[in-house]
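Everything below concerns the one structure shown next.
Values below: all heavy atoms of this structure, side chains included; hydrogens, waters and symmetry mates excluded. On a predicted model such as this, the values are computed, not experimentally measured, just so you know. Numbers restart at 1 for each chain; the letters A, B, ... are given by sequence-line order, proteins then strands.
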Amino acid sequence: MSQTHPQLGSVEGIQAVLRERNYIADLPMATALRLVMALHKPLLVEGPAGVGKTQVAKTLADVLDTRLIRLQCYEGLDTAQALYEWNYPKQMLHIRLTENVGESVAQREAEIFSEGYLLRRPLLEAISQDAPPVLLIDEIDRADEEFEAFLLELLAEFQVTIPELGTLTARHRPYVILTSNRSRELSDALRRRCLYLWQNYPAFDKEVEIIRVKLPGINQRLAEKVATVMAHLRELPLSKAPGVAESLDWAQALVSLHKESLDLPILEQTWGVILKDRDDLALVEAQKHRIAELVA
Amino acid sequence: MSTSKDPPWFPHGSLLENLIAFSQHLRRSGQKFSVGPQEVQDGLLALGAIHLGSIQEVRLALKLVMCSNLEQERVFDDLFFQFFLPSRKRLEARPSRSSPGGLGETAGKSQHTQNNPSEAILDAHSPRMQGQARQSDDQNTDNWAAPLLRAMFSRTAGSETLEVEIPQQGLDEMLRAATQLVNQVRLGRSRRWDTTSKGSRFHFRRTLRKALHTGGDPIYPAWQHHPKRQPRFVFVLDGSRSMQGYSDRLLQFAFALRLRCNRVEVFSFSTALERITRQLEKARSLAERPELGQLGQAWGGGTKIGENLLRLEQKFGGLIRSDTIVIMASDGLDTGAPDVLDYALRQVYLRCAALIWLNPLLSTQGYDPKANCMKTALPYLDRFCAASTPEELGRLTHQLRLRK
């Protein structure tokens, strides 16, 4: 892959390429992506919501000019939704249509359990591609422990076993990125198969840079003030701390309202863009004068 | 044997020798790094993929390969520099401009404490509120007050050298109690589909399989249904000195609960909070009791309930979900700030399915929950009980009404 993208052969090169795609990657993230490509190991990214965990997979697919295959995890996710399912109505129809053809049971079984009757779900899709895709397994902590155990074979060997068809091995190993918000502890077995990266809220300078890159129309001073307020809010015991996505939404809202600076009335008018909980609003309201002083 | 390509700061000869020695160094640390030959091999490959002359890249690459959770990630840098550059202080990449009050990637701890309003609130409250706590708790004095006095003399210090052990005696009874408790919880249905003889959804795959034996005619239909949801528990144990005499049995119960149910998280606190689930889950049977070792300030010192509950809510908030039953085991003899406790309890209450408070003092004759802490907590509790015997612990969730 580094032959088609010479810059991807070094950590600095990856940072530069991602930046061209408006993704500001720090050194740990760029190193992680370098190792994902070099070692072909899955990357487990943990961190609070809204710090850009999902975005990195999208950007990587963009950089590699390959397909992004996304599996959104939730409680109750099973192999039928994640891996494959047989097309039962089509199979039933085939059985009916071939009733009087005179084929043996074994022949008929082989026909209806062939690839033509297979519905490929994201995981199977990911290992069947001609070019290595980016497989994003999003919010793995939301899936059940049973599903996590099932993933082990896929992540270690990049192969899956379908009883009717046998073991299918990946033609090209996908670049796998798993994300987790730590709503539950993942198993050690899964962790050992992955590279591990903790992604925290961005530091002040990085957040300013992100805002400026994503919203070229914003002035430096306003971007700094937005980052200052967000950093302060994240220190408060909020039930839903605002992430980078909220910073961008807020900055976008301020630009749309033609605001060049921040003051108390503007803060009060736009809290709703970044705070999504009544208790959080009450807590921040109590501190609004202090926050206004911060950006004065 | 060192090669010309190896960086000069490699202390043990070749790259491989250094990696093996470093993996041993990690394993000897208290963070249970599971670093074996596979990780060493991955480490070698990783170092081959980066610029070996840059210590930052080497550190980050080895961190990605050898850490597998946040706790390990947090101590890795110190261990790395301890091993490779023992004479130098940690080289932390500081930002050119510090975050003004931000909990950013590189915010140092001192800065964090300095600029963290919630920490500031906690700090500002402590002396005054500790005084208040003394006064208010003393109002409700009886024979149960002795532990409180013990706690007050050591508000901030945990018994850092105290070895915590789970008693073996009575573990069978505790296991039965834990089984009873888990089985009594009535949650709704999961979103998963399970195969069953009677259900609400037709199971095409199974029916088709069966139909092959009857010439393609689906004579024996198969069905699917949603199984019952498994409950989740967060067990928060007050291990302070005032709980001496109760905490061992409650810890034993937490261990039994962890053995019986996978979805259990256990925390211990005294003046600091410690997650002990990982230590407990190392033992998968009665025969092998887990080694808890020293829990530092999370065991045997003073009591700061509100502050630790707030830390739990902020740091491990994701563990408290709409299907989680939070069990708080504490005597409520708190030396922390009541308004912090009120805020923390409110946050936990809003997130969880039920909040249960086990107070062993409740079984003491003449005890009345008039202490500030208990008065603050009572409005948020779905169940408030003593539960000092295995039978009572087993009935903790009996007819418990879940709010979600």
(message) Checking B:Arg263 against A:Asp144 for the salt bridge (Lys or Arg N to Asp or Glu O under 4.0 Å) test, could you report, in this order, the C-alpha distance in whole Å, the side-chain angles of both residues, the deciding distance, and whether it holds?
(response) CA-CA 10 Å; B:Arg263 299 176 171 191; A:Asp144 303 301; 3.5 Å; yes
Might you confirm whether atom [atom1] of [X] has over 12 heavy atoms from other residues, nucleotides or ligands at distances under 6.0 Å?
X: A:Arg142; atom1: CZ; value: no
X: A:Lys276; atom1: NZ; value: yes
X: A:Arg221; atom1: CZ; value: no
X: A:Arg173; atom1: CZ; value: yes
X: B:Tyr220; atom1: OH; value: no

Quick check on [X] against chain B: is it the side chain, the backbone, both or neither that has a heavy atom closer than 4.5 Å?
X: A:Asp141; answer: backbone
X: A:Leu27; answer: both
X: A:Leu190; answer: neither
X: A:Ser10; answer: neither
X: A:Glu145; answer: side chain
X: A:Glu146; answer: side chain

Should [X] and [Y] count as side-chain neighbours, where that means a heavy-atom distance under 4.5 Å?
X: A:Arg191; Y: B:Asn69; answer: yes
X: B:Glu57; Y: A:Glu12; answer: yes
X: A:Ile95; Y: B:Leu208; answer: yes
X: B:Arg278; Y: A:Asp188; answer: yes

Measure across [X] and [Y] and return the closest heavy-atom pair with its distance rounded to 0.1 Å.
X: A:Leu283; Y: B:Tyr343; answer: CD2-OH, 3.8 Å
X: B:Ala49; Y: A:Leu35; answer: CB-CD2, 4.1 Å
X: B:Asp42; Y: A:Leu39; answer: O-CD2, 3.6 Å

(message) Closer than 3.5 angstrom, by distance alone: can the side chain of A:Tyr196 be matched with the main-chain N or O of B:Leu70 as a donor-acceptor pair?
(response)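 The answer is yes, because a donor-acceptor pair under 3.5 Å joins these two groups.
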Which atoms of [X] are under 4.5 Å from chain A, going by heavy atoms: the side chain, the backbone, both sets, or neither?
X: B:Gln72; result: neither
X: B:Arg189; result: neither
X: B:Glu73; result: side chain
X: B:Pro218; result: side chain

(message) Shorter than 4.5 Å, heavy atoms on both sides: which option in A:Ala32, A:Ala38, A:Pro89 has the most such pairs with chain B?
(response)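 Of the candidates given, the most pairs with chain B belong to A:Ala32.
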(message) With chain B as the partner, which of A:Glu109, A:Glu46, A:Met230 has the greatest number of non-hydrogen pairs under 4.5 Å?
(response) A:Glu109
(request) Mind checking the CZ-CD spacing from B:Phe204 to A:Glu85? Nearest 0.5 Å is all I need. (result) 10.0 Å
(message) Just verifying a value: how many Å separate A:Arg193 CZ and B:Gln38 CD, rounded to the nearest 0.5 Å?
(response)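 The CD atom of B:Gln38 is 9.5 Å from CZ of A:Arg193, to the nearest 0.5 Å.
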(message) Counting heavy-atom pairs under 4.5 Å with chain A, which one of B:Val35, B:Leu45, B:Leu60, B:Ile50 comes out on top?
(response)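 Looking at each of B:Val35, B:Leu45, B:Leu60, B:Ile50 in turn, B:Leu60 comes out on top.
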(message) Looking at chain A, which one of B:Gln347, B:Arg205, B:His51, B:Arg192 has the largest number of heavy-atom pairs inside 4.5 Å, strictly under?
(response) B:Arg205
(message) With a 4.0 Å cut-off on N to O distance, would you call A:Arg192 and B:Glu39 a salt bridge?
(response)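 Yes, charged N to carboxylate O under 4.0 Å.
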